Amino acid sequence: MSKPTPISGFPEWTPGQRMVEQYVLDKIRATFELYGFAPLETRAVEPLDQLLRKGETSKEVYVIRRLHADADSAGDDQLGLHFDLTVPFARYVLENAGKLAFPFRRYQIQKVWRGERPQEGRYREFVQADIDIVDRDTLAPHHEAEMPLVIGDALRSLPIPPVTIQVNNRKICEGFYRGIGLTDPEAALRAVDKLDKIGPAKVAELLAQTAGASEAQAKACLALAEISAPDASFADAVRALGVTDPLLDEGIDELVRVVETATEHSPGLCVADLRIARGLDYYTGTVYETQLRGYERFGSICSGGRYDNLASAGTTSYPGVGISIGVTRLLGLLFGAGELSVSRSVPTAVLVAVTDEEHRGASNRVAEALRRRGVPTEVSPSAAKFGKQIRYAERRGIPYVWFPGADGAADEVKDIRSGEQVTAAAGEWMPPREDLTPTVS
RNA sequence: GUGGCUGUAGCUCAGUUGGCAGAGCACCGGGUUGUGGUCCCGGUUGUCGUGGGUUCAAUUCCCAUCAGUCACCCCA
């Protein structure tokens with residue numbers, strides 16, 4: 001009866017926006033494949049206990065319920081929609097380890113669902129573009145250095161502002177916290193993670209409250225978190241704090257490698273930023289976050305890290321490293337900022353005018369000839385006055401209108417942006433390359 | 001999940017101390033009897049987010065709800 005309304009957190013784009021999204025997804029996919037990641041899609045649902053196996057019950061997971069299920073059959077076989085692509089992937093690796101060759105590199109571009117309260121750039125249904133590399137038992141640390149390079153290439157292939165990938169290493173934080181005698185590194189991480197938002201004074205308070213830090217310990221944590229450098233010099237800054245711990249040294253070495261690799265292959269892409277924590281409990285090594293330059297207020301649009309304990313079967317473990325682009329978030333924020341749009345609202349490059357309904361066949365034949373040569377073409381819906389047919393094209397941003405010649409006269413095609421009109425043959429004419437498909441910018 | 005702000009035409013917004021709902025842009029028609037865009041004339045925009053309550057009367061006041069947005073939580 002009444003007009004349908006949107007469902008909170010489930011965005012639906014316009015056709016123009018969807019064309020942008022498809023363009024973006026194509027570019028990302030091409031880059032992932034260029035680096036040799038194999039495609040994979042996993043089912044939308046996982047057993048609920050798998051999704052929640054980290055123990056946290058506060059996870060906002062959508063649960064699947066069958067309308068006609070027996071009321072008393074809700075057992076432990078309940079299903080939930082996946083909230084990321086890493087957990088299903090870990091499950092998939094365990095399930096199919098026998099068929100996979102390790103190290104296994106795969107990409108996965110799919111929708112995920114989270115039941116959080118939506119706001120701009122935060123949705124309940126959204127697309128992630130994820131890459132991971134997993135190996136059996138041990139995963140060489142150079143893979144942690146490769147991730148930012150792939151993402152850097154993928155994001156640079158898009159008409160979006162340049163990005164900065166901030167990297168840190170959990171071992172640095174945990175080793176450092178251990179080195180200064182803090183007993184609850186998780187709590188310390190969570191507190192430090194809020195540094196940008198609440199400032200050093202409040203973080204120090206939090207550290208004291210939740211991590212049992214003394215004033216000196218809190219001060220040391222903040223000193224560590226404030227270290228940021230575009231190169232390996234961060235290591236000197238850490239060492240200058242005078243804390244020693246074997247895990248800390250290991251972390252520094254790993255992070256140096258990530259930063260130096262990035263500097264060599266993609267200068268300016270990465271910055272070691274020791275405040276980056278990621279709330280995630282399962283990260284054990286390098287962690288990544290990504291900001292759009294000039295749009296830091298958007299927060300991270302791509303993040304991930306190394307995990308050593310996400311998948312194991314018996315005595316075999318499958319350590320991995322992965323990073324995920326929040327495609328919907330990226331698009332939503334840039335659409336909102338008016339920073340990303342497309343040159344027309346339809347794929348059509350040419351509208352073939354219809355002289356009168358008796359001659360619609362002639363227009364159809366022109367369209368056919370153009371399409372056969374790869375020119376997206378539609379035929380005018382009505383034989384209205386040519387002015388109206390031109391306006392039909394104009395309203396949609398279609399750049400060309402084709403006029404079939406009457407009584408054996410030559411056909412003509414008009415660029416309605418410039419008004420220029422030339423004679424043309426449907427078997428030969430091609431629009432300039434830049435007009436063939438809509439331009440995303 | 002908690003709290004704040006917002007919701008009027010396709011878009012940006014005005015408005016009524018409670019009395020039939022407005023502007024600009026866009027759109028449609030005509031000037032322009034088959035080539036748009038400029039210009040001129042005219043026209044329609046609409047359950048005033050939805051449902052309920054108070055009232056002779058609600059777009060306006062009250063409650064609920066939905067949606068958007070912000071902060072918190074969370075960000076796997």
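In what follows, chains carry the letters A, B, and so on, assigned in the order in which the sequence lines appear, proteins first and then strands, with residues in each chain numbered from 1. Quick caveat, the model's predicted, so the values are computed rather than measured.
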**Report entry** Residue list, side chain to side chain contact (heavy atoms under 4.5 Å, CB included) with A/Leu40, at least two apart or on another chain
**Finding:** A/Thr42, A/Phe89, A/Tyr92, A/Arg106, A/Gln108
**Report entry** For atom CG of A/Asp415 and atom P of B/G37, their distance in whole Å
**Finding:** 16 Å
**Report entry** 4.5 Å side-chain heavy-atom contact, A/Lys111 and A/Gln128
**Finding:** no
Report summary line: CG (A/Leu149) and CG (A/Asp153) are apart, to the nearest 0.5 Å, by 7.5 Å
All N/O contacts under 3.5 Å from nucleotides 25-34 of chain B to the protein, with atom names and distances to one decimal?
{"residue": "B/C28", "atom": "OP1", "partner": "A/Arg395", "partner atom": "NH1", "Å": "2.5"}
{"residue": "B/G29", "atom": "OP1", "partner": "A/Lys388", "partner atom": "NZ", "Å": "2.7"}
{"residue": "B/G29", "atom": "OP2", "partner": "A/Arg391", "partner atom": "NH2", "Å": "3.0"}
{"residue": "B/G34", "atom": "O6", "partner": "A/Thr355", "partner atom": "O", "Å": "2.2"}
{"residue": "B/G34", "atom": "N1", "partner": "A/Thr355", "partner atom": "O", "Å": "2.2"}
{"residue": "B/G34", "atom": "N2", "partner": "A/Val354", "partner atom": "O", "Å": "3.3"}
{"residue": "B/G34", "atom": "N2", "partner": "A/Ala384", "partner atom": "O", "Å": "3.0"}
{"residue": "B/G34", "atom": "N2", "partner": "A/Gln389", "partner atom": "NE2", "Å": "3.0"}

Requested in this report: Mind listing the residues from residues 319-350 of chain A sitting with a heavy atom below 4.0 Å of RNA chain B? Number order is fine.
Outcome: none
Could you go through nucleotides 8-12 of chain B and list every protein N or O atom that sits under 3.5 Å from one of its N or O atoms, giving the distance for each pair?
none

Query raised in the report: Is the A/Trp429 ring parallel, tilted or perpendicular to the A/Trp402 ring (thresholds 30°, 60°)?
Result: perpendicular
Query raised in the report: Between A/Tyr123 and A/Phe10, does the ring centroid distance fall short of 6.0 Å?
Result: no
Shorter than 3.5 Å, N or O on both sides, protein versus nucleotides 67-73 of chain B: list them out with atom names.
{"residue": "B/A67", "atom": "OP1", "partner": "A/Ser8", "partner atom": "N", "Å": "3.1"}
{"residue": "B/G68", "atom": "OP1", "partner": "A/Gly9", "partner atom": "N", "Å": "3.4"}
{"residue": "B/G68", "atom": "OP2", "partner": "A/Ser8", "partner atom": "OG", "Å": "2.4"}
{"residue": "B/C70", "atom": "OP2", "partner": "A/Glu120", "partner atom": "N", "Å": "2.8"}
{"residue": "B/A71", "atom": "OP2", "partner": "A/Gln119", "partner atom": "OE1", "Å": "3.2"}
{"residue": "B/C73", "atom": "N4", "partner": "A/Arg122", "partner atom": "NH1", "Å": "2.7"}

Query raised in the report: Can you tell me how far P in B/C48 sits from the matching atom in B/G43, rounded to whole Å?
Result: 23 Å
Query raised in the report: Dot-bracket, RNA chain B: Watson-Crick or G-U, under 3.5 angstrom, [ ] crossing, | other strand?
Result: (((((((..((((.....[..))))((((((.......))))).)...(((((..]....))))))))))))....
Query raised in the report: Rounded to the nearest 0.5 Å, what separation is found between the CD atom of A/Glu289 and the CZ atom of A/Arg275?
Result: 11.0 Å
